[in-house]
2 protein chains.
Amino acid sequence: MIEDRVNVESCSCSVIHEDAVSRARDSMPEEETLYDLAELFKVFGDTTRIKILCALFESEMCVCDIAALLSMNQSAISHQLRVLKQARLVKYRKEGKVVYYSLDDEHVKQIFDQGLVHIKER
Amino acid sequence: MIEDRVNVESCSCSVIHEDAVSRARDSMPEEETLYDLAELFKVFGDTTRIKILCALFESEMCVCDIAALLSMNQSAISHQLRVLKQARLVKYRKEGKVVYYSLDDEHVKQIFDQGLVHIKER
DNA sequence: TGAACATATGCTTACTTGTTCATATGTTCA
DNA sequence: TGAACATATGAACAAGTAAGCATATGTTCA
């Protein structure tokens, strides 16, 4: 062996701690899981959506209510509710022409609260 | 009163459930808190950063190790570590020219795990 | 001191994303 | 049926962002 350090393509530098790297590689969840996880947190990563979730902690609400609460137009809220719905963070029920949104899941609040704990300390 | 429904500016529709809206308004954390929370989750909302955090669950690592592990170049990792550092999710120690990064906080894993629980069910 | 190396950073580019506007869908009620 | 209304959605635009390149900083060691 001419080189005893492994050069990985698209990385200009060499592995310093082989053991740590391979342990990390072994413990790493599969690609898809990590992707889904990032997608989930991405949904939490917007002020409008955070506010919507926060509002729904209190009670179910229709689109108009949320729009009024946040002083935003109905379309913007509707678009964001779609994102939340796709992430299975909210569910809805229809009553005539009114659509009521509520939390789909108890984890939502737990994730939210864990985040709060982090930003609150210091 | 000619109108008994409140029309809020920049919202084309009217409040349907006054009580729910005002309750939500009262329970809503202050603007800054919600903003910070969204910023925090935004940091979790990227596959590269998720992978970096995941690697650091196992042990501290230097920039080159992480770059090799993720098959990405050193610059990209360094940029992302900066973001993680600013969000106080990772800390670092220097040993000569090598910089070792590790988790700053126990919440990181708890937030991570809560997210995992959500995506794993169904 | 100077070469080698680990890391950081400014700039640029390609891509993503939140919001708005206009309009479509679907429901109620006179 | 048709007007009024709640919601959804497609297109367009502006703002934000991740990654790469080039280079700067700072450390070690001969």
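Values below: all heavy atoms of this structure, side chains included; hydrogens, waters and symmetry mates excluded.
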Who is the Watson-Crick or G-U wobble partner of C:dT27, with both distances under 3.5 Å?
D:dA4
Would you check if the distance from the ring center of A:Phe112 to the ring center of A:Phe57 is below 6.0 Å?
yes
Output yes when B:Glu18 and B:Arg23 qualify as a salt bridge under the 4.0 Å nitrogen-oxygen rule, no when they do not.
no
Side-chain N or O of A:Arg82 closer than 4.0 Å to phosphate OP1/OP2 of D:dT9
yes
Any A:Leu53 side-chain heavy atom under 4.5 Å of A:Phe44 side chain:
yes
Nearest-Å distance, CD1 (B:Ile77) to P (D:dA19)?
8 Å
Please report the distance, rounded to the nearest Å, between CD in B:Glu39 and C1' in C:dG18.
14 Å
What is the distance, to the nearest angstrom, from the NZ atom on B:Lys51 to the P atom on D:dA18?
14 Å
Contact class for B:Tyr101 (heavy atom, under 4.0 Å): base, sugar-phosphate, or nothing?
sugar-phosphate
Give a yes or no answer on whether the side chain of B:His118 reaches the backbone of A:Ala87 with a donor-acceptor pair at less than 3.5 Å.
yes
From the list D:dA8, D:dA19, C:dA8, which nucleotide is the closest neighbour of the side chain of B:Met72?
D:dA19
Protein-nucleotide distance (B:Leu84, atom CG; D:dA19, atom P), rounded to Å:
11 Å
With a 4.0 Å cutoff (strictly under), does any side-chain N or O of A:Thr48 reach OP1 or OP2 of C:dT19?
yes
Give a yes or no on this: more than 12 heavy atoms of other residues, nucleotides or ligands lie within 6.0 Å of atom NZ of A:Lys94.
no
Who pairs with D:dC21 - Watson-Crick or G-U, where each distance is under 3.5 Å:
C:dG10
Within this structure, what is the OH-to-P distance between B:Tyr100 and C:dT7, rounded to whole angstrom?
8 Å
B:Gln86 CD to D:dT17 P: how many Å, rounded?
11 Å
So which nucleotide from D:dA8, C:dT7, C:dT17 ends up closest to the side chain of B:Cys64?
C:dT7
Rounded to whole Å, please give me the gap between CG in B:Leu81 and P in D:dA19.
12 Å
Measuring centre to centre across the rings, with the benzene-like ring taken for any Trp, is A:His17 within less than 6.0 Å of B:Tyr100?
yes
Base-contact (B) and sugar-phosphate-only (S) positions in nucleotides 21-30 of chain C, heavy-atom cut-off under 4.0 Å, - elsewhere:
BB----BS--
B:Arg49 CZ to C:dT16 P: how many Å, rounded?
15 Å
Searching all strands shown, indicate the nucleotide that pairs with C:dA22 (Watson-Crick or G-U wobble; both distances under 3.5 Å).
D:dT9
Check the angle between the aromatic planes of A:Phe41 and B:Phe41 and answer parallel, tilted or perpendicular using the 30° and 60° thresholds.
parallel
